[in-house]
Amino acid sequence: MYEEQRSLTLSHSVHVTLQTRGCRQEKHESNLSIRNQARETSCSCDVMPVRVMSEGAGPNVQVPAHLTRIPVSLISISTDCSDRTVKGRVVHKGPLVSQASDDFIMKTVVQEEDTEPNSSSQNVSINVFLLGALAKDFSQAVNQGDVVVFSGFTVGKSPTVNKDKLHHCNLQLSGGDAFIYVSRPPPADPRSPRPAVKRSSAPSTEVSRMNKAQKYSYSRLDELKVGAVVNVFGVVIFFKQPFKSRGTDFCSSLKITDQSNQKIGCTIFCENLDNHPKIFQIGDIIRMHRVKAQLYNDSITLVNTFGFSVVMFDGVQGGAVEPRASSRSFSFDQEDRRVVEELRAWAAGQALLPPVPTMPLSAIQPNAYFDLTCQLLAKAFISSSCTLLRVWDGTRCAHPLLKVTASPNLTEGPSSFSAERESLIANVFVYDNHVEFAKQLKPGDFLRIYNLRAILGSSTLPGLTNSQSEEVNHLALHLHGGIEFGRGIRILPDDCADVQEMKRVIDTFQQDEDELNDSMLLEVWSTPPEVLGTNQSRHRRCGDDVQTETLSEVKQSDPGRVHHVRVQLRSYEPRRLHQALKLYCSKCSTMQEVPDDELLAGLFSEACRDSEPCTPPPWMLSGQVDLASPPRALSVHLSSHLLYESKATELIFIKGSTLGETCRLAAGYQNIVPVMSSGGHLTLLDLTAPFLFRGRKRYYGCKRCSEAALRDVCAEKDEQIDEKMVADALGVQLLRFVLLMKLELQDATDTLDVFLWRDAELFFGVSAEEAAANQEAQNIVCQTMNSLCPPGGSAGERPWLDVCLAAYRLDDTEEPNRTCYQICDTAVTKPSRSEPNPA
DNA sequence: GCTTAGGGTTGG
């Protein structure tokens, strides 16, 4: 046991940095840098989106270190391209096309040169579209034949793949996050076949002359001309969640208005859901670039065209103006802020409020239609056209809510909750097309469900038993099939204001709820992650050569590998430390709860009850200790063997003490073994209780693997009596304290549930045994979790972590294909002030 | 390859 622990704490292939900068900060910084960009363009090359690097030369512009290159052949629609670069030679440079005044577009083709020799040319040549000022810049600064590195791009499906036989995707660059790095051979090389670009190390001779940050001009909704490609702002007065069209794309349908009072329908087709506007509610403000005005039924509608981008803003007056973009790169400046605030002020005076209000569960009325912001706790299969979502928002509905019990094997998430929590849970039946969407929802997700209907009575509900038919006056919620009235479900980000508000309510409730979490956890973890604990997988350690991957990439990989990820901790279970402590038997690989003091106190008082005289074994010396309050006698037994070695008091067997008394005695003696009389013999207590107390530490034995009996402990004179020696003598298989937590990791691409178990001690820098016994160790664990996931904090307040994950398949006959993940070789290091922020 | 949708007074 100790050797294993030692090997854990001495494992030093550690890979964690706790970056001190959170998302929220990052957002502000990035806004700041965009503003700086406008201000500093004349004096600094650092902020120019097209930069020239001289290969192998001095202190030149460099591609920021946090960006990693992705081979062109690996690019797909689903690739997460944040922090990715693409490198290639410019093999074609198209003309600079002016779309509108001061808005340009340009196509170039780059070819990757240093890829696998057997890659086909189709895989390594890719179309790149440059939009806005970047296009103009590129046309001036870059020549055919130059090697360029792109970052801050988005990936789209190439519509010309059959014609040009190039890569099936294209790259699109526009706005503040997109950068192009141009590298040229060092000027010292006289044999360069291409015209030498004069360049010294001084940035003032930058080849690119950066224009001012792109200025977009926006059309009012009453001045749209059929056929024109325009940029617009508007207030959303109707919207549908994106739905699958009969064509290749998802379609978002919405209607917007502005100060002109024109109401304009908009249709957005995008194959990738991420590129659709993130509209949360009516009243949100939308900014669209490059939409085309078309005529339909004598009215103008707006449809997205090439280079389309959309950004949403909350419409509430006085709130922060935070862009909610649907593309990695977008522009945003003070001018945008001003327009948003003007629209907010104007809309506040209009009757644009939703016809269907968003309301908490506490406000819903029978038969009403409403939007609900809630957290998903569990979902259950009802039928192929109906799924049950069990949700709550922390408020109590004024009407009794229908209780639904779904079969645990058809349920994702806990199949039951505490009575208190059950009384707050609303059952939402979602039908037809929403069933498909509901598949991607995970317990814990924050949702907004649009156009829900509250209905009394259960007689017609699917999947309910007769015993529930008496609940005729109970409310159930229904999300009917179809997309009319904006019916649908949306996952809300954690940092959304409404979610934050709801979390505050939920947290208050959760603090009162406690012991039941444990049974929930056991349900979630029906299989403890023991597989990794075996020696055969010990070699799966991480190495420095492992590249950082996104969570979505990790999920797509086969198990059996180690991954490096950069993630935030979205949530974790259990919230209380004592529930994370478990007892683990390394012999039979089972895990069990640590019994609580109430249970133990009962066992001790039970053990006191049998007061019939008993014969101690012959090797024992017996005596009595008289207690004053309450007045009674404890029998004390010592080993005669140890007495002979002058170590008699180093191991004391005690009979008749309460749990509290045993603990107090343990503070003064090295080893206390509680015993009891049973059938005229002295025996150990049931192994649910600790068989040994040493100071504040308690040691437990495995009921399954122990053959416990009272036997003498034979220690040599200078030998220390420890728990291992006592356990060996008594035939007890020692259980080891372990920490077991389930962490929900998150990055831009996905979320992933992982266990923290095998290397939990390394992670916290604390042994589980210490955490079970001493407050300081407990504080370290709690403080660590609080710093990684501040209670009530938004995503922006959570640090980014570099974590090593082992993916493995469960050796479980019930779920043979379930892949599990565990954090390994990862230690949390305290953020140091001197640590520089990455660029 | 250049479409797809184009809100509409609401079930289980």
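Letters A, B, ... mirror the listed sequences (proteins, then strands); counts begin at 1. Values below: every heavy atom of this structure, side chains too, minus hydrogens, waters and symmetry copies.
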request  = Consider the side chain of A:T248, meaning its heavy atoms from C-beta on, and name the nucleotide among B:dG6, B:dT4, B:dT10 that approaches it most closely.
outcome  = B:dT4
inquiry  = Among B:dA5, B:dT10, B:dT3, which nucleotide has an atom closest to any side-chain atom of A:N451?
reply    = B:dT10
inquiry  = What contact category does A:R487 fall into here, base, sugar-phosphate, or nothing, at under 4.0 angstrom with non-hydrogen atoms?
reply    = base
task = Give a yes/no answer on whether the side chain of A:R246 brings an N or O atom under 4.0 Å of OP1 or OP2 in B:dT3.
result = no
message = Using a heavy-atom cut-off of 4.0 Å across all strands, would you classify A:G481 as base, sugar-phosphate, or nothing?
response = base
ask   = Whole-Å distance between B:dT4 C1' and A:Q294 CD?
value = 12 Å
remark   = Between A:G247 and A:G482, the residue closer to the 5' end of DNA chain B by nearest nucleotide is A:G247
key: Length of the CG-P vector between A:L388 and B:dG12, whole Å   = 17 Å
inquiry  = Between P on B:dG6 and CG on A:L295, what's the gap in Å once rounded to a whole number?
reply    = 17 Å
ask   = Is A:F250 touching bases, backbone alone, or none of the nucleic acid, heavy atoms closer than 4.0 Å?
value = nothing
request  = Using atom CD1 of A:I483 as one end and atom C1' of B:dT4 as the other, report the distance to the nearest whole Å.
outcome  = 12 Å
key: Aro-ring/base stack A:F485-B:dG8, d under 5.5 Å, angle under 30°   = no
ask   = Of A:Q241, A:H276, A:K240, which is the lone residue that meets side-chain hydrogen bond (donor to acceptor under 3.5 Å, both in side chains) with A:S252?
value = A:H276
Residue among A:R490, A:Q281, A:R448, A:E501 satisfying side-chain hydrogen bond (donor to acceptor under 3.5 Å, both in side chains) with A:T373 = A:R448
query = How long is the line joining NZ of A:K292 and C1' of B:dT4, in whole Å?
reply = 16 Å
ask   = Counting any heavy atom closer than 4.0 Å, what does A:K255 reach on the DNA or RNA strands: base, sugar-phosphate only, or nothing?
value = base
ask   = Is there a donor and acceptor pair, one atom on the side chain of A:H480 and one on the base of B:dG12, closer than 3.5 Å?
value = yes
inquiry  = B:dG6, OP1 or OP2 - any side-chain N/O from A:K240 closer than 4.0 Å?
reply    = yes
task = Name the closest nucleotide to the A:D432 side chain, picking from B:dG6, B:dG11, B:dT4.
result = B:dG11
request  = Check whether the aromatic ring of A:Y369 stacks on the base of B:dT10, taking stacking as ring centres less than 5.5 Å apart and planes within 30° of each other.
outcome  = yes
message = Once you apply a heavy-atom cut-off of 4.0 Å, does A:K263 come out as touching a base, just sugar-phosphate, or nothing?
response = nothing
ask   = Can you tell me how far C1' of B:dG7 sits from CD1 of A:I237, to the nearest Å?
value = 10 Å
ask   = Are A:Q365 and A:N367 close enough, and set up right, to give a side-chain hydrogen bond (donor to acceptor under 3.5 Å, both in side chains), and what steps lead you there?
value = CA-CA 6 Å; A:Q365 295 298 322; A:N367 292 323; over 6 Å; no
query = Which nucleotide sits closest to the side chain of A:E484: B:dG7, B:dG6, B:dG8?
reply = B:dG8
remark   = Between CG of A:L254 and P of B:dT4 the distance, given in whole Å, is 19 Å
query = Do any pairs count as a ring pair (Phe, Tyr, Trp, His ring centres under 6.0 Å) and have a residue in residues 239-267 of chain A, sequence neighbours left out, and if so which ones?
reply = A:F239-A:Y450
query = What's the NE2-P distance between A:H434 and B:dG11, to the nearest Å?
reply = 14 Å
query = Within the distance-only criterion (no hydrogens, no angle test), does the side chain of A:E271 pair as donor or acceptor with the backbone N or O of A:D249 below 3.5 angstrom?
reply = no
message = My understanding is that only residues two or more places apart in sequence, or in another chain, count here; which of them pass ring-ring contact (aromatic ring centres under 6.0 Å, His included) with A:F129?
response = A:F306
